[in-house]
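Written below as structure tokens is the structure these notes are about.
Only heavy atoms go into these numbers, but all of them, side chains included; no hydrogens, no water, no symmetry mates. Model, not experiment: these values are computed from the prediction.
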Amino acid sequence: MRVRRLVVAVLMATSLMGASACAGDDLAEDDKNDESSSSTPSGDTSGSPDTSAKGELRLSGQQFDEAALMASMYELLLDDAGYDVETKLVTSRDIYMNEFADGVDVAPEYVGGTIEFLNTTQNGVDAKPLSTGDLDETLAAGAKVLKKKGITLLDPAEAADTNAFFVTQEFADEHSVSKLSDLEGETVTLAAHPDCAERLDCGKGLEEVYGIKLKEILPLGFASAQTFKSVKDDESQLGLTSTTDGSLEARGMLLLKDDKAVQPVQNLVPAVSTKFLKAHPDVADVLDPLMAILTTDDLVELNGRVTGERQKASDVARDYLEENDLL
């Protein structure tokens with residue numbers, strides 16, 4: 001295994017978080033601090049192939065647990081393939097997206113999240129959404145904005161992770177709630193990320209599609225500790241997380257079904273600089289096998305280990321890759 005360089009920067013931003021789904025955000029910081037003490041991944045590398053140096057590869061992504069987990073998988077695979085990987089995790093999508101394609105080569109992403117971010121940044125916040133609940137339709141509709149930005153999406157995984165809303169189990173039992181449409185006509189306070197209000201997959205969709213009255217949207221973050229505490233303390237009745245959040249049951253929370261399908265398709269996918277991919281086409285060969293086997297059930301289990309059991313994302317990533325003979 002080649003020695004890797006790990007650079008993790010905490011960059012504060014007040015801009016859009018994007019439409020990606022993600023579970024928790026506190027573990028990534030812990031994992032970052034632990035990994036910074038060692039530049040060499042742990043584990044037996046005696047079976048690794050003898051690869052020649054392929055040069056630097058700049059890997060970025062967000063800091064929430066699932067994104068950090070995927071970034072660790074990408075890093076391990078690319079490092080094993082001979083790349084000198086520099087990883088830089090940041091607080092929001094717009095930070096690294098603004099650096100594509102000159103400052104970032106690869107990032108773990110979500111199909112709908114990537115396409116809608118590019119759609120709104122290129123065509124305005126009121127642009128007609130390009131993403132739907134259909135993967136092929138969304139990829140076709142997003143081809144133009146991806147090309148303009150110089151980003152290529154590799155093969156998406158079956159694994160998908162969309163935004164989702166949760167309540168306490170106590171609230172669900174008291175109000176007989178299991179799906180979002182059960183809250184039609186109700187007035188609730190929502191804890192979510194700051195840009196939730198005008199997004200169809202968040203505040204706007206809850207109000208316009210589901211007929212839920214939002215008394216207030218507290219900008220406490222996506223699946224953050226503050227969001228969970230707000231819902232637990234009944235400061236908010238509804239909180240924002242993801243469909244692959246493996247911590248909900250242990251927290252005494254229940255995910256509400258998106259029965260009117262306001263969430264766009266969010267399959268996990270490697271986003272790669274088109275320019276970099278042309279120079280290094282083997283990047284697809286390195287990452288495609290992971291995408292070919294990763295399922296939503298896998299994500300739920302892996303996220304539970306990171307967020308619920310507080311295992312290091314890098315250790316969980318290595319275990320999964322080794323168990324599936326990818327390392």
Side-chain angles (χ1 to χ4, degrees), residues 8-33 60-71 89-97 107-110 112-113 116-117 120 161-168 171 180 188-206 212 214-248 250-256 258 262-263 266 299 303-304 306-308 310 313:
V8 180
V10 179
L11 304 177
M12 300 306 297
T14 58
S15 48
L16 299 181
M17 286 296 292
S20 64
C22 28
D25 60 359
D26 54 330
L27 258 290
E29 181 71 17
D30 295 341
D31 189 54
K32 173 200 72 174
N33 292 333
S60 193
Q62 295 183 70
Q63 290 175 333
F64 62 83
D65 291 348
E66 183 172 283
L69 173 69
M70 295 308 301
L89 302 183
V90 297
T91 54
S92 63
R93 171 183 281 129
D94 63 299
I95 296 174
Y96 63 82
M97 276 293 180
E109 259 296 349
Y110 302 83
E116 286 310 319
F117 176 85
T120 55
D161 186 356
T162 64
N163 285 348
F165 300 91
F166 66 91
V167 296
T168 63
F171 181 93
L180 285 170
V188 298
T189 296
L190 169 65
H193 48 58
D195 67 316
C196 172
E198 298 303 318
R199 285 174 41 175
L200 187 60
D201 66 342
C202 201
K204 188 175 181 179
L206 292 177
I212 300 171
L214 296 180
K215 178 181 179 181
E216 186 178 5
I217 299 178
L218 302 180
L220 298 178
F222 183 96
S224 66
Q226 292 85 355
T227 287
F228 280 109
K229 184 177 188 302
S230 179
V231 175
K232 181 180 179 181
D233 294 344
D234 199 33
E235 176 188 39
S236 306
Q237 292 72 52
L238 202 59
L240 180 65
T241 186
S242 74
T243 52
T244 61
D245 188 338
S247 71
L248 291 173
R251 295 177 186 268
M253 305 294 178
L254 176 70
L255 206 65
L256 299 183
D258 176 25
V262 299
Q263 300 299 332
Q266 296 290 7
L299 272 185
N303 284 335
V306 176
T307 304
R310 303 191 68 80

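- Here the shortest heavy-atom pairing between A164 and L240 reads O-CD1, 3.4 Å.
- Once rounded to the nearest 0.5 Å, the distance linking CE of M70 with CD of Q62 reads 13.5 Å.
- For I217 against A192, the heavy-atom pair with the smallest separation is CG2-CB, 4.4 Å.
- The side-chain hydrogen bond (donor to acceptor under 3.5 Å, both in side chains) search around K229 returns D233, not counting sequence neighbours.
- A distance-only check finds a donor-acceptor pair linking the side chain of D258 to the backbone of Q263 [under 3.5 Å].
- Among residues two or more places apart in sequence or in another chain, the side-chain hydrogen bond (donor to acceptor under 3.5 Å, both in side chains) test is passed with T168 by none.
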- Evaluate the side chain to side chain contact (heavy atoms under 4.5 Å, CB included) criterion for residues N163 and Y110: first the C-alpha distance (whole Å), next the side-chain angles of each, then the deciding distance (0.1 Å), finally the verdict. CA-CA 11 Å; N163 285 348; Y110 302 83; over 6 Å; no

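- In this structure, H193 and C202 approach most closely via the heavy-atom pair CE1-SG, 4.2 Å.
- The backbone N or O of F117 lies less than 3.5 Å from a partner atom in the side chain of T120, making a donor-acceptor pair.
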- I would like to know whether L220 and E235 meet side chain to side chain contact (heavy atoms under 4.5 Å, CB included); could you show each step before the answer? CA-CA 11 Å; L220 298 178; E235 176 188 39; 4.2 Å; yes

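- Closest heavy-atom contact between P108 and A71: CG-N, 4.0 Å.
- S60 meets the side-chain hydrogen bond (donor to acceptor under 3.5 Å, both in side chains) test with no other residue; sequence neighbours excluded.
- Annotation: ring pair (Phe, Tyr, Trp, His ring centres under 6.0 Å) contacts of F165 (sequence neighbours excluded): none.
- T189 pairs by the side-chain hydrogen bond (donor to acceptor under 3.5 Å, both in side chains) definition with nothing, not counting sequence neighbours.
- Side-chain contact between T241 and F228 is present, with at least one heavy-atom pair separated by less than 4.5 Å.
- Taken from CZ in F166 to OG in S236, the straight-line distance is 8.5 Å, to the nearest 0.5 Å.
- Atom CG of L190 is separated from atom SG of C196 by 5.0 Å, given to the nearest 0.5 angstrom.
- N303 places a side-chain N or O within 3.5 Å of a backbone atom of T244 that can act as its donor or acceptor partner.
- Annotation: the span from L248 atom CG to T307 atom OG1 amounts to 10.0 Å, rounded to 0.5 Å.
- Distance check, rounded to the nearest 0.5 Å: CZ of R199 to CG of L206 gives 11.5 Å.
- When atom types are taken as modelled, the side chain of T243 and the backbone of T162 share a donor-acceptor pair closer than 3.5 angstrom.
- With values rounded to the nearest 0.5 angstrom, F64 atom CZ is found 8.0 Å from S242 atom OG.
- Residues that satisfy the side-chain contact (heavy atoms from CB on, under 4.5 Å) test with V188, not counting sequence neighbours, are I212, L214, Q237, L238.
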